[in-house]
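Shown next, in structure tokens, is the structure this report addresses.
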2 protein chains.
Amino acid sequence: MNKKPSDEVVMAWVYLLKAQNAAMGHVEAMFKKGGLPPFSWYDVLWELEKEDAVGLRQFQLEERLLVSQYGLSRLLTRIEKAEYVERLPCSEDGRGHRVVITRPGKKIRAKMWEVYSQAINTAVGDRLSDKQCEQLKRLLANLVD
Amino acid sequence: MNKKPSDEVVMAWVYLLKAQNAAMGHVEAMFKKGGLPPFSWYDVLWELEKEDAVGLRQFQLEERLLVSQYGLSRLLTRIEKAEYVERLPCSEDGRGHRVVITRPGKKIRAKMWEVYSQAINTAVGDRLSDKQCEQLKRLLANLVD
DNA sequence: TCAATATATATGCAACTGCATATAATTGGT
DNA sequence: ACCAATTATATGCAGTTGCATATATATTGA
């Protein structure tokens, strides 16, 4: 026999959905208003920029991001079409490639961060103190595997 | 000049995304494993079941749920095709209709809740105490308009 | 060495979403 | 009563996703 979740648990779940929805709404609205690429491009570009010229294999990116294998494959195809990343042949493994950010890619990432950081402030920073954010992070961390 | 978000704010944002992703992953996996309709159907059925025979106008449902107008319109079309809801003509407003849950709809909602409630336990209840859930809810409530 | 298995990535298809706009009915002002 | 503006809902289209599977290369064990 399975235990029913307490009201507290259910409400936490409900507010997790609501909060994520609201916060993501702010961020996406500001991205669109800024005429920027979709939100999902940011994380890819940022992970790649941190590796600079070396880049990352696709499966490494996959580990770092919240995206499926095929989702990433197609996401990269789109970002590549916009010339913000390149898929370079990979000498040590013929199946894959190294994905690297381009110079325009770095440029747009910086531009996106301008908007993104402000959006995070709108969605979170203006609503919670640093102390509360720290507390929130600690609680949420328990929900992540 | 715009203020940069503090590290605490950024980390709270990051963990909001991660936690939502992980928690939703658990729920969707369990729904799929149970051969149940998509997750999004649940809230619709539940809101309607609470109104029983009276039902709700589409715009009322829209206010209660986290879904766009056209998203809801098509969601209802799909749920209606499965015969879990009906769109009845509306005497007092010829533009719309009353949406009501059917008997099979109530049946499947109950079945979905069996799985859903367990999934919420897996995603949240097994990971946070009631006190922590309460705290989490309070913090997240600040992020919702 | 070679077949079996595992890994890295891509893709056809169907379902779902956003955006803009369409359609239809209601309301308000004159 | 009439027309403009507003409200309720639907839909064409293009873009995005999940699922299952395909393709290609690498690795392992006999």
Side-chain angles (χ1 to χ4, degrees), chain A residues 17 20-21 24-44 48 55-82 85-100, chain B residues 17 20-21 24-44 47-48 55-82 84-100:
Chain A
L17 295 189
Q20 208 269 353
N21 188 265
M24 190 61 96
H26 285 122
V27 173
E28 285 183 338
M30 291 177 75
F31 265 70
K32 201 166 324 172
K33 203 172 132 197
L36 293 171
F39 170 66
S40 57
W41 294 28
Y42 183 83
D43 288 336
V44 172
L48 292 177
L56 287 172
R57 296 291 302 275
Q58 203 162 303
F59 71 91
Q60 295 176 301
L61 258 175
E62 199 183 322
E63 288 162 6
R64 287 168 166 75
L65 303 177
L66 305 173
V67 68
S68 63
Q69 181 271 316
Y70 44 86
L72 180 56
S73 175
R74 291 197 262 223
L75 180 54
L76 286 173
T77 302
R78 283 176 253 135
I79 304 180
E80 191 178 29
K81 203 157 295 169
V85 303
E86 284 180 301
R87 294 199 243 218
L88 303 177
C90 182
S91 49
E92 70 274 21
D93 188 338
R95 292 168 300 182
H97 26 61
R98 286 186 310 125
V99 185
V100 297
Chain B
L17 295 188
Q20 207 269 352
N21 189 265
M24 189 61 96
H26 285 122
V27 173
E28 285 183 337
M30 291 175 76
F31 265 69
K32 202 164 325 171
K33 203 172 133 197
L36 293 172
F39 169 67
S40 56
W41 293 27
Y42 182 83
D43 288 335
V44 172
E47 291 301 330
L48 292 178
L56 287 172
R57 297 291 302 274
Q58 202 163 303
F59 72 90
Q60 294 176 303
L61 258 175
E62 198 183 321
E63 288 161 7
R64 289 167 166 74
L65 303 177
L66 305 173
V67 68
S68 63
Q69 182 271 314
Y70 43 87
L72 179 56
S73 174
R74 291 197 264 224
L75 180 54
L76 286 173
T77 301
R78 282 175 253 134
I79 304 179
E80 190 178 31
K81 203 157 294 170
Y84 295 145
V85 303
E86 282 181 302
R87 293 198 244 218
L88 303 179
C90 183
S91 50
E92 71 273 22
D93 188 340
R95 292 168 299 183
H97 27 61
R98 286 187 310 125
V99 185
V100 298

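- Atoms CD and CG, from B:E47 and B:L65 in turn, are 5.5 Å apart once rounded to the nearest 0.5 Å.
- Both B:R87 and A:S91 sit near DNA chain D, but only B:R87 has its closest nucleotide nearer the 5' end.
- Taking side-chain N and O atoms only, B:R78 has no distance below 4.0 Å to OP1 or OP2 of C:dA15.
- One interatomic measurement links the two molecules: CD of A:E92 to P of D:dA24, which rounds to 21 Å at whole-angstrom precision.
- If you measure from atom CZ of B:F39 to atom P of C:dT17, you get 12 Å, rounded to the nearest angstrom.
- The nearest whole Å value for the distance from the CE atom in A:M24 to the P atom in C:dT17 is 15 Å.
- Checking the phosphate oxygens (OP1, OP2) of D:dT9, a side-chain nitrogen or oxygen of B:R57 falls inside 4.0 Å.
- In this structure, the CD atom of B:Q58 is 18 Å from the P atom of C:dT23, given to the nearest Å.
- A:L75 places its CG atom 12 Å from the P atom of C:dA10, with the value rounded to the nearest Å.
- Separating the CG atom of B:L65 from the P atom of C:dT17 is a distance of 13 Å, rounded to the nearest angstrom.
- Residues A:G94 and A:S68 both approach DNA chain D. Their nearest nucleotides, taken by heavy-atom distance, put A:S68 toward the 5′ side.
- Not one side-chain nitrogen or oxygen of B:H97 sits closer than 4.0 Å to the OP1 or OP2 atom of C:dA25.
- Residue A:T77 is classed as having no contact, given no heavy-atom separation below 4.0 Å to the nucleic acid.
- At a cut-off of 3.5 angstrom, counting only N and O atoms as typed in the model, there is no donor on one side facing an acceptor on the other between the side-chain of A:R95 and the base of C:dT9.
- Counting any heavy atom pair closer than 4.0 Å across all strands shown, A:R74 reaches a base atom.
- Across the interface with DNA chain C, nearest-nucleotide mapping of A:Y70 and A:D93 shows A:D93 to be the residue nearer the 5′ end.
- Straight-line distance from the CD atom of B:Q60 to the C1' atom of D:dT9: 14 Å, rounded to whole Å.
- Between the CZ atom of B:F39 and the CE atom of B:M30 there is a distance of 13.0 Å, given to the nearest 0.5 Å.
- Taking the side chain as every heavy atom from C-beta outward, B:H97 and B:L88 never approach each other to under 4.5 Å.
- If you take CZ on B:R74 and CD on B:Q69, they are separated by 9.0 Å, rounding to the nearest 0.5 Å.
- Atom CD in A:Q69 sits about 18 Å away from atom P in D:dT16, given to the nearest Å.
- No engagement by A:G71 is indicated, since no non-hydrogen atom pair under 4.0 Å with the nucleic acid exists.
- No side-chain heavy atom of A:D43 sits less than 4.5 Å from a side-chain heavy atom of A:V67.
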